[in-house]
Amino acid sequence: MAGSGSISSIEIGPVRVTVESDSSWIHRSLRSEFGPFITGSGAGLRLRVTTFGEPDASCEGGIQVRRRGEELTASRGDLKLRLGMNGGAGEASILEGSLPGVRVALRFAFTVRGLCVGAILLHAAATRFRDRGWVFPGRSGAGKTTLMRRLASHRKLTDETALIARHDGRWRVFATPFGGDFGLPEEPDSAPVDAIMFIEKDLRSELRQIDRLEAVYRILQHTMGWGLEDRCGRVLDLATELTEACESFVLRLSLDADPEPLIGKRFNANLSL
Amino acid sequence: MQTYRCNDEIAYRVIDEEAVLLNPVDNRIHLLNEVATFVWKLLAEPQSIDDIVSAVCREFDVDPERARSDIDELRVQMLEKGLIETVGGGGVDAR
């Protein structure tokens with residue numbers, strides 16, 4: 001998987017992916033898609049990227065992901081990806097002009113590299129409120145983006161994908177460039193995780209604390225790529241440790257609910273500690 | 001005699017006497033209650049149904065016939081989900 005070419009390094013908290021490519025389009029795309037997360041030095045997972053000119057018609061439809069031994073492969077019409085499961089190196093071939101192809105390749109690279117260094121990517125919104133991090137995992141359509149719009153007093157970290165990792169002895173939630181409607185954050189940001197609130201749409205609103213087993217189960221449901229990890233033990237450890245350190249809740253929200261009063265008591269209780 | 005043991009592909013952790021299991025083959029997550037977790041732990045080593053019934057009756061206040069019925073149902077479910085496998089007894093699943 002060796003190669004030469006210009007490099008662009010992208011860093012989300014403790015996870016770094018360095019893209020090596022001769023294609024100026026790739027580097028321009030990385031700057032436009034991941035600009036605030038581009039960092040000066042290399043290392044981390046080294047991803048060698050080339051481009052191709054026509055979509056691969058044999059790979060139409062959804063993305064095909066396979067694990068063979070210590071290698072992960074993913075393919076669809078605009079992307080061919082091969083990653084070492086040790087998180088050290090990989091190769092990608094991306095249809096020139098396909099920004100989704102760039103995003104998907106980088107998301108896989110961060111997922112694999114993250115699991116290797118003790119970080120997980122969650123389908124979750126996240127906010128920072130007075131230097132505390134609040135993580136809101138939820139399925140597509142559960143209301144993550146809506147919740148972000150309604151938490152007016154919170155600084156938004158992400159409305160779609162949060163990276164969670166232990167940093168200086170505490171679990172922190174990091175903003176990522178893998179956003180939804182809110183797009184790219186202005187700058188990398190993070191906060192120590194105070195609570196995890198799994199959001200669900202419902203006819204009435206409520207906040208209910210859940211036990212650790214349910215919290216682990218729900219975290220796994222929202223963790224990207226846990227099935228990729230050899231024997232899944234590492235991601236299970238991360239989920240177990242995270243729920244030991246942070247309280248977890250189910251946050252049910254009706255369509256017209258204002259979430260701030262509902263979770264305000266919880267915020268205030270922790271902030272007064 | 002037919003015996004059973006955990007599929008060693010399955011990752012698991014026990015939290016407050018209950019277990020969460022991950023099956024990387026089908027990407028499914030399973031939660032076990034306290035009794036099923038006790039059985040799961042026993043199955044780290046090959047066990048016959050009789051062994052399991054005896055151990056469960058020693059550990060929990062349960063009627064042996066009820067225990068056998070519940071454990072047999074658990075055995076079928078765990079086999080179907082690939083959580084356990086048969087060993088010995090000719091290697092034939094006696095479902």
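Side-chain atoms are counted along with the backbone in the values below, which use heavy atoms only and exclude waters and symmetry mates. Chain A is the first sequence line, chain B the second, and so forth, proteins listed ahead of strands; every chain is numbered from 1.
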Review point. OG1/A:Thr223 to CD1/B:Ile29 distance, rounded to the nearest 0.5 angstrom?
Key: 8.0 Å

Revision key, fill the gap. Heavy atoms of A:Gly233 and B:Ala11 approach each other most closely as N-CB, 3.9 Å

Practice item. Supply the atom-to-atom distance A:Tyr217 OH to B:Leu22 CG, rounded to the nearest 0.5 angstrom. Key: 11.0 Å

Review point. Got a sec: does the CZ of A:Arg208 have more than 12 other heavy atoms crowding it under 6.0 Å?
Key: yes

Review point. Between atom CG of A:Leu213 and atom CG of B:Asp16, what is the distance when rounded to the nearest 0.5 Å?
Key: 8.0 Å

Review point. CD of B:Glu45: more than 12 outside heavy atoms within 6.0 angstrom?
Key: no

**Study point:** Separation between CZ of A:Arg212 and CZ of B:Arg13, rounded to the nearest 0.5 Å
**Key:** 12.0 Å

Exercise for review: Considering only heavy atoms and a distance below 4.5 Å, find which of A:Thr243, A:Val216, A:Asp237, A:Asp211 pairs most often with chain B.
Suggested key: A:Asp237

